[in-house]
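The next block holds one structure in the form of structure tokens; read it before the comments.
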Amino acid sequence: MTSAGRLTHAAAIAALVAVALAPLAPVFTWPGLIRAVLGGLCLGGAVAVLAARRGLAPLPTLAVAVCAYLVVGPALAVPELAAWRLLPTLASEQWLASGLITVWRRLLTVPVPVLPGGGFGLAPFVLAYTGTGVGASLAIRLPHRRAAWAALVPLAVSVVAIILGTRQVVLAVPAGVAMGLGLLAWVSVRSRAFQPRRLVALAVIVAVGAGAGIVVAGTGPARERLVVRDRLTPPFDPRDYPSPLSGYRRYLKASLKSKTLLRVRGLPAGGVVKLAVMDRFDGVLWNVAGGDEDQGSGNFGRMVAGPAQGKTATVHLQDHDSQTVWLYSVGSPRAIEFAAAGAQAGSLRESVRTNSLTGTMALPPSPPDGIEYSLDTVWSAYRPGESAIAAAGAGPAVSPSSANVQAAAMTAASVTARAPTAGAKALALERFLQDGYYSDGQTGPGQGSGRYGALAGHGAERLSTLLTGGLMVGDAEQYASAMAVMARSLDLPARVVMGFAPGYGERADPADGGEYTFKGADMTAWTEVNLDGLGWVGFFPTPNRQDSPERADQRPDPKPNPEWAQPPPPEPRASLPPEEDLAPVPVGAGEPLTPGVRPVWGLASVVAATVSALVTALMIAAAGVAAAKGGRRRRRFSRGTPALKIMAGWEEVVDQLRDLGLVRLPAASVTRLELARAGPARAQASLVRLAGLTDAAAFGGVAASGTDAARCWEEVKGVGEILKTGLSWWRRLWAALTPRSLWPVTKTGGGPSGRSGRRNPCG
């Protein structure tokens, strides 16, 4: 096929794929959709034409396609992650790899039209790129009688686009007519069945069919359009909601402090009620994690009753004043039943989302006030004895990556210097923090509202102030956060829990099956550390609320020095009125997946990603070629009768000549002897001898023996060594890895066969 023919067929397939992507128009904003689709069409067609022109085998073609995808893809699909919106970065390469699997689900669960950003442009780019690349490759490479199979590719792309589409129909009739006419015209031209005299008849048939379809569609009964995104339940993403810990202080204010929030019946002895488990820390907030991006945090999904590995209990809870999307939970919930009318109870039960690894439950968008439900749960000892804790090592749990706080790491290393085990380190951290002072910033006696009022928040700066500010003052929000950050700096899996803990701190231990009423003032936070053999163990580092910072002035100096006048204590910072922490802005579809990459190291990531992709693709292709050649040689050596083995040996020599580029195979009528004499001078004698032996086995009329076959393959081995004599190592490596001999021989020996898979009789 000529270069013009390749370009024509590639352009035709690209145009058909573009029409097939019409249902995506309402899903994306136009600038992003045009860039992704147009770029994918051009890039896919260019790769297909270039690979066909160079005669590349499937594996090298795939390697070229992967490299083009990784190098050019960021600028076309996810420019928000590319350096200068053009060059690849580490973040863009990671999204191009993971997004191939995750972008389809995310695209079906976000509001449309999708705003720029978020990496969603990868979906139309992949459809346009793969559709054009695969379709054009088939259209160019397949013989004309089988090239019509390439027409199935635009149809497949159209089906995927419809699945990803919306209720809004975009030019359905014109797009369908254009697709049908285009496919018919291209298939007839490519299969060489096009006849101009049939144009009129074809036009009449198409017009009649289109008219009939329009009439039937307009007069038939109206039916609701089935759209996948309307039937798919959007996955619960905790990042769409503010951190529960950021609103901790509001529970301690007058409006909620004395208000009943929760009633619980059947709480096991030593049990706690969890509102949320937070294991992702970004340096500003602790928040609930759960998703593919958060390693070790599990995923939120419908509640599934798992095996009961531990004690079971049924706990009844009544939420009187829901403040967040989160549902109170106990232990590891296995089943939930709501005290509501049948249909409403079923709807609520289907809406609950549970993280099986943390036990956190959510009822989006928000549980109604006064909701009452029962939990069948599995629980175990939440706080073992201190001797068991001190003897335990670090548990196997994996925590998501979190921000480091230098002051916390330095303090943790100093406090735990003599602790021999992970459990002992956790106990040391708990005791160290319990030796601080309590203040939640509220007015009243014992709250430290004078000189030592404590600010809200638990970001890196607030924790550094807590640990290095001279006087350790804070509430459960700061102390639980500080212990979790300090524990993680020691490589201990740790997380922060917010809820009610009646058996710990200032309240008496609850009886088994206890009944409790919790108010806003009872809300607290603590730390969980994963220990080997014990699981997640609760630690309560917050000091007693009676240990207000005013008592620090009444403590005598443990080491007075009468010889020196004691300087006056430093004046603490003025207490600011407590303010509600600002809730983080939910991550929307229009925001980038990751922070922007600085151009300073953007070039370095470009080089690293590109080189890594190229090396990986080349290694995969080389391994595939080597494996294919090795398998072919083994099959030839073990082929049937001795005569067949001898002829297979000649085929092996011919393939070596092709791979080394020492001879270009002539027409199919050339004999083995003529081909042997056309080989390199240094190997002509061996080639002629081997050709004669092969002809004798094929036409001699005397059955060849096993000895003849063994001698033939010894000759094959010797010819291979002679052919490589004097060649550079680079040329030998190329001969070992080139896929040239894997292609069937054409009439002229040029490359892939345009007619059939038969090999040249000379080989």
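Under a 3.5 Å cut-off, the side chain of S329 and the backbone N or O of G359 do form a donor-acceptor pair. Under a 3.5 Å cut-off, the side chain of S246 and the backbone N or O of P242 do not form any donor-acceptor pair. Here the side chain of K274 pairs no donor or acceptor atom with the backbone of M361 at under 3.5 angstrom. The closest donor-acceptor contact from the side chain of W104 to the backbone of L100 lies under 3.5 Å. Listed for the N404 side chain is no donor-acceptor partner under 3.5 Å among the backbone atoms of Q406. Looking at E93, its side chain never comes within 3.5 Å of a backbone N or O of P88 through a donor-acceptor pair. E80 contributes a side-chain N or O that, together with a main-chain N or O of G119, makes up a donor-acceptor pair within less than 3.5 Å.
Side-chain contact between W536 and V277: absent, with no pair of heavy atoms (C-beta onward) separated by less than 4.5 Å. Side-chain contact between P124 and L164: absent, with no pair of heavy atoms (C-beta onward) separated by less than 4.5 Å. The shortest distance between side-chain heavy atoms of V288 and F300 falls below 4.5 Å. Residues L41 and Y129 have side chains not in contact (no heavy-atom distance under 4.5 Å, counting atoms from C-beta outward). Within the 4.5 Å cutoff, the side chain of V153 has no heavy atoms near those of the L16 side chain. Between M278 and M498, some side-chain heavy-atom pair lies under the 4.5 Å cut-off. The shortest side-chain heavy-atom distance between P79 and P74 does not fall under the 4.5 Å cut-off. Counting only heavy atoms from C-beta outward, the side chains of V325 and L363 never approach each other to under 4.5 Å.
Of all the heavy atoms in V17 and G131, the pair that sits closest is CG2-C, 4.0 Å. Closest approach of A487 and A494 over heavy atoms only: CB-CB, 3.8 Å. The minimum heavy-atom distance linking P26 with A22 is given by the pair CD-O, 4.3 Å. Residues A289 and N355 share a closest heavy-atom pair of O-ND2, 3.8 Å. Taking all atoms of both residues into account, the shortest heavy-atom contact from A276 to P244 is CB-CG, 3.7 Å. Residues P364 and Y241 share a closest heavy-atom pair of CB-OH, 3.5 Å.
Between the OG atom of S243 and the CG atom of L285 there is a distance of 5.0 Å, given to the nearest 0.5 Å. Remark: L152 CG to S158 OG distance equals 12.5 Å, nearest 0.5 Å. Atoms CG and OH, from L62 and Y69 in turn, are 12.5 Å apart once rounded to the nearest 0.5 Å. Between the CE atom in M410 and the OG atom in S464 there is a gap of 10.5 Å [rounded to 0.5 Å]. Here the straight-line distance linking atom OG of S481 with atom CE of M483 works out to 12.0 Å at 0.5 Å rounding. The structure places OG of S399 at 9.5 Å from CG of L492, a figure rounded to the nearest 0.5 Å.
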For a side-chain contact (heavy atoms from CB on, under 4.5 Å) check, start with the C-alpha distance between W95 and V103, then their side-chain angles and the critical distance, and finish with the verdict. CA-CA 9 Å; W95 178 240; V103 71; 4.2 Å; yes
Using the side-chain contact (heavy atoms from CB on, under 4.5 Å) rule, take L138 and W149 through it: C-alpha gap first, then chi angles, then the decisive distance, then the call. CA-CA 8 Å; L138 295 176; W149 288 104; 5.5 Å; no
Check the pair L122, L96 against side-chain contact (heavy atoms from CB on, under 4.5 Å), reporting the backbone distance first and the verdict last. CA-CA 7 Å; L122 182 64; L96 289 181; 3.5 Å; yes
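For S402, the side-chain hydrogen bond (donor to acceptor under 3.5 Å, both in side chains) test picks out R488, with sequence neighbours left out. Shown here are the side-chain hydrogen bond (donor to acceptor under 3.5 Å, both in side chains) partners of T360, two or more places apart in sequence or in another chain: T358. With sequence neighbours excluded, no residue forms a side chain to side chain contact (heavy atoms under 4.5 Å, CB included) with D491.
Sorted by first and then second residue, the side chain to side chain donor-acceptor pair (under 3.5 Å) pairs with a member in residues 47-64 read T61-R141; sequence neighbours excluded.
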For residues 31-39, which side-chain donor-acceptor pairs fall under 3.5 Å, sequence neighbours excluded?
unit_1, atom_1, unit_2, atom_2, d
R35, NE, L76, O, 3.4

Using residues 7-15 as the side-chain source, report each donor-acceptor pair under 3.5 Å to any protein atom, sequence neighbours left out, with the distance given to one decimal.
unit_1, atom_1, unit_2, atom_2, d
T8, OG1, A4, O, 2.8
H9, ND1, W186, NE1, 3.1

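Judged by the 6.0 Å distance and 45° axis criteria, R280 is not positioned over the aromatic ring of W286.
When only modelled atom types and interatomic distance are considered, H458 and E477 share a side-chain donor-acceptor pair under 3.5 Å.
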